[in-house]
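Down below is the structure, laid out as structure tokens.
A note on names: the letters A, B, ... follow the listed sequences, proteins ahead of strands, and every chain is numbered from 1. Side chains are part of it too, since the values below use all heavy atoms of this structure and drop only hydrogens, waters and symmetry mates. Owing to the predicted nature of the structure, the values given are computational and were not obtained by experimental measurement.
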There are 2 protein chains.
Amino acid sequence: MDVMDDIDSAIVRELQRDARQTNRELAHKLGIAPSTCLERVRALRARGVITGYRATVDLGALNRPVQALLTIRIRPMNREVIERFKAFLVSLPEVLNIYVVAGGDDFLVHVAVPDLDRLHTLLMDSVFKRREVVDCRSSVIYQHVANDVIGPLTV
Amino acid sequence: MDVMDDIDSAIVRELQRDARQTNRELAHKLGIAPSTCLERVRALRARGVITGYRATVDLGALNRPVQALLTIRIRPMNREVIERFKAFLVSLPEVLNIYVVAGGDDFLVHVAVPDLDRLHTLLMDSVFKRREVVDCRSSVIYQHVANDVIGPLTV
DNA sequence: CCCACCGCCGAATTTTATTCGGCGACAAGG
DNA sequence: CCTTGTCGCCGAATAAAATTCGGCGGTGGG
């Protein structure tokens, strides 16, 4: 029912690589009939294994070539403050990823901006204006490598 | 030629939201003909604005519910060592994202594992075994929010 | 004012997705 | 050992979508 066999794993791998390849191609690669393949893909979607299909974009082409990581500590550390601050971060168009982490730092925020000026402006006019922010360090990202195809772990 | 008008922006936005909606739907939303829409999408792909189409998966369903961030410093800091270590990270199936950052920390690595034991094993048996690693801190991720739809910045 | 160019359109064609009836493997029960 | 029910898979038929392409109209240059 909800166990992943080899074919399911291969489907997930292939669709992570290219979500727009035709069902025929995919079925052919796996050596199964297109109708069977379609059924499998739908089941994976329905089961929640596949959560969506997204186009990936070049940040440079969207005029946002500069990326940075913001390490932020907030106080007080209670649910309400955290949720409110998280909602604030989501509302910022510069934000790509928000990591809520254990340890000394509370938030790690991945942002993309047109240039360093805009990064500075973002910090000064948006982040530091929040009263709950007690500390924020920013690090420019030289390179970002995303592993888009999440494979199985050797068990 | 390579300027993004409003229609291009809308296409990019929509395909980030759902890369598998039909060209007809997309064209209808934008109020243009399907053939025109197809042409636009192909141009965006050819120009490199859209870099690919990926299925997103539920990490829990793939038996990797625990995520962490590894903050790693390596020495010596020269191109060769950095590239070699980066290649090593890419080869690890647990790795989701690699950020090469400025500042005190050199690498920030986003990983997903089945449980905390596997995180410990990963650190002990893979990361710490590398001679270039002089320091590594790990933080468990309580929540990860990804902004998959990158919008334009208000200019 | 005329002409050339470019993007857009929509009908025609090709390709693809989707449905569905049936087949064969497997398992449980007689 | 045979019967019977279930389940996943298959492939042909149908429906929908992608893709092509000839032509139209708007725009800018001459």
Given D/dA18, D/dC9, C/dA17, the nucleotide with the shortest approach to the side chain of A/E39: D/dC9
Among D/dC10, C/dC9, C/dT19, the one nearest B/T36 by side-chain distance: C/dC9
A/R24 side-chain N/O to D/dG11 phosphate OP1/OP2 under 4.0 Å: no
B/R40 vs C/dC8: side-chain N/O to OP1/OP2 distance below 4.0 Å: yes
Touch class at under 4.0 angstrom, heavy-atom based, for A/S35 against every strand present: base
Atom [atom1] of [X] and atom [atom2] of [N]: how far apart are they, to the nearest Å?
X: A/E25; N: D/dA18; atom1: CD; atom2: P; result: 15 Å
X: B/D8; N: C/dG7; atom1: CG; atom2: C1'; result: 12 Å
X: B/L38; N: C/dT16; atom1: CG; atom2: P; result: 14 Å
X: B/R45; N: D/dT19; atom1: CZ; atom2: C1'; result: 17 Å
X: B/I32; N: C/dG10; atom1: CD1; atom2: P; result: 11 Å
X: B/L30; N: C/dC8; atom1: CG; atom2: C1'; result: 14 Å
X: A/H28; N: D/dC10; atom1: NE2; atom2: P; result: 13 Å
X: B/Y53; N: D/dA18; atom1: OH; atom2: P; result: 12 Å

DNA chain D: 5'-proximal contact among A/C37 and B/P34 (nearest heavy atom): A/C37
Within 45° cone of A/F88 ring axis and under 6.0 Å: A/R130 NZ or CZ: yes
Nearest-nucleotide comparison on DNA chain C, the residue closer to the 5′ end among B/R20 and B/I7: B/I7
Side chain to side chain contact (heavy atoms under 4.5 Å, CB included), paired with B/E94, selected from B/L119, B/V113, B/T121: B/V113
Gap between atom CZ of A/R137 and atom CG of B/D105 - 0.5 Å precision: 7.0 Å
From NZ (A/K86) to CG (A/D106), nearest 0.5 Å: 13.0 Å
A/D5 atom CG: more than 12 heavy-atom contacts under 6.0 Å: yes
